[in-house]
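Here the structure comes first, spelled out in structure tokens, and everything after it is commentary.
The model shown is predicted, which means the values in this text are computed figures rather than measured ones.
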Amino acid sequence: MTARIRHAQRLIALWIAWLLAMLFHVDLGLMPLFHGQSPEIHGHVPDSQLPLLFGAMLGYFLLPLIAIVLIAYADSAATPATAWRPWRRVHFWFSVVYSVTNLPHLLADILVPDARLDQIVLMLALTVFGLLINVEGWRWWRQSG
């Protein structure tokens, strides 16, 4: 008997790893504050645009959390798995969008003149986790049953 691969469980683990790496990326980016240095990168956002930026970041963090909950519900639902197939498709494309947003951020972190290695390593990890999420998301979407 062949064991069934639990793609949903893999996705939950990958999304949690992605979120932790994202939090570490933000946290390490702010670490200079605790040593009397500025974490500011060249380039400024006008104060009037900050609420929009903060809202976008809130959404960027919350959507993976919502995805994790929906993946868990889909995986543990009493209804047939086919009822969750539309969510599986949406999730796959959602994960692709996140991967697409990670690539330019990784390149930006590499190309910034005062680039920090810790930020580059974390963005590389985020990109790898994102690509793994894409692979598992595709497999979960295409999994029968």
Side-chain angles (χ1 to χ4, degrees), residues 2-77 81 83-145:
T2 305
R4 185 170 167 227
I5 296 174
R6 304 286 304 267
H7 297 291
Q9 296 302 309
R10 289 179 179 186
L11 283 167
I12 290 169
L14 286 166
W15 273 117
I16 290 170
W18 186 92
L19 278 165
L20 286 171
M22 178 61 106
L23 288 171
F24 294 153
H25 178 65
V26 172
D27 187 45
L28 284 174
L30 295 174
M31 284 304 289
L33 284 174
F34 300 109
H35 299 282
Q37 299 174 353
S38 172
E40 186 175 7
I41 316 170
H42 298 292
H44 299 277
V45 175
D47 288 349
S48 63
Q49 295 296 315
L50 287 178
L52 182 62
L53 177 64
F54 295 154
M57 285 305 300
L58 177 63
Y60 198 77
F61 276 97
L62 282 178
L63 288 173
L65 289 172
I66 293 166
I68 290 168
V69 170
L70 290 173
I71 292 165
Y73 271 70
D75 191 48
S76 62
W84 286 90
R85 188 163 301 280
W87 161 238
R88 291 178 181 192
R89 180 183 63 247
V90 167
H91 170 267
F92 169 73
W93 289 110
F94 167 74
S95 75
V96 169
V97 168
Y98 268 65
S99 290
V100 167
T101 63
N102 282 337
L103 288 172
H105 194 125
L106 172 62
L107 290 174
D109 277 356
I110 291 170
L111 297 176
V112 72
D114 53 351
R116 290 180 27 206
L117 183 59
D118 61 325
Q119 296 293 50
I120 294 169
V121 168
L122 280 167
M123 275 313 302
L124 184 60
L126 280 162
T127 303
V128 170
F129 290 144
L131 294 173
L132 290 171
I133 290 168
N134 296 154
V135 170
E136 287 302 322
W138 175 263
R139 291 176 179 163
W140 187 48
W141 175 20
R142 296 303 188 184
Q143 182 180 41
S144 62

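Applying the salt bridge (Lys or Arg N to Asp or Glu O under 4.0 Å) test to pairs two or more places apart or on separate chains, those with a residue in residues 67-77 are Arg6-Asp75. Here salt bridge (Lys or Arg N to Asp or Glu O under 4.0 Å) pairs that include residues 96-105, with residues two or more places apart or in two chains, number zero. Residue pairs meeting the salt bridge (Lys or Arg N to Asp or Glu O under 4.0 Å) criterion with at least one member in residues 17-28: none, sequence neighbours excluded. The stretch residues 96-121 participates, sequence neighbours left out, in these ring-ring contact (aromatic ring centres under 6.0 Å, His included) pairs: Trp15-Tyr98, Trp18-Tyr98, His25-His105, Tyr60-Tyr98, Phe94-Tyr98.
A distance of 11.0 Å separates CG in Leu28 from CG in Leu117, rounded to the nearest 0.5 Å. Put simply, CG on Leu19 and CG on Leu65 are 5.0 Å apart, with the number rounded to the nearest 0.5 Å. Atom NE2 of residue His7 and atom CZ of residue Arg142 lie 12.5 Å apart, to the nearest 0.5 angstrom. Once rounded to the nearest 0.5 Å, the distance linking CG of Leu107 with CD1 of Ile120 reads 10.5 Å. Expressed to the nearest 0.5 Å, how far CH2 of Trp141 lies from CH2 of Trp87 amounts to 13.0 Å. A distance of 11.0 Å separates OG in Ser95 from CG in Leu132, rounded to the nearest 0.5 Å.
Remark: Thr127 engages no residue in a side chain to side chain donor-acceptor pair (under 3.5 Å) (not counting sequence neighbours). For Ala17, the side-chain contact (heavy atoms from CB on, under 4.5 Å) partners at least two apart in sequence or on another chain are Phe129. Applying the side-chain contact (heavy atoms from CB on, under 4.5 Å) criterion to Pro104, with sequence neighbours excluded, gives no partner residue. For Leu50, the side-chain contact (heavy atoms from CB on, under 4.5 Å) partners are Val45, Asp47, Leu53, Phe54, not counting sequence neighbours. Partners of Ala72 under the side-chain contact (heavy atoms from CB on, under 4.5 Å) rule, at least two apart in sequence or in another chain, are Ile12. Every side chain to side chain donor-acceptor pair (under 3.5 Å) that Arg139 has, sequence neighbours left out, goes to Glu136. Listed by chain and number, the residues in a ring-ring contact (aromatic ring centres under 6.0 Å, His included) with Phe61 amount to none (sequence neighbours excluded).
Here the shortest heavy-atom pairing between Phe92 and Gly137 reads CD1-C, 3.9 Å. The two residues Pro64 and Gly59 come nearest to each other via the heavy atoms CD-O, 4.5 Å. Across Leu106 and Leu124, no two heavy atoms sit closer than the pair CD1-N, 3.7 Å.
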**OP:** Report the C-alpha separation of Met123 and Ile110 in whole Å, then their side-chain angles, then the decisive distance to 0.1 Å, and conclude whether the side chain to side chain contact (heavy atoms under 4.5 Å, CB included) test is met.
**Re:** CA-CA 9 Å; Met123 275 313 302; Ile110 291 170; over 6 Å; no
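A side-chain contact (heavy atoms from CB on, under 4.5 Å) with Leu131 is found for exactly one of Ile133, Asn134, Val135, namely Asn134.
Taking the side chain as every heavy atom from C-beta outward, Ile71 and His91 approach each other to under 4.5 Å.
Remark: Arg88 is not positioned above the aromatic ring of Trp84, lacking an NZ or CZ atom under 6.0 angstrom from the ring centre and at most 45 degrees off the axis.
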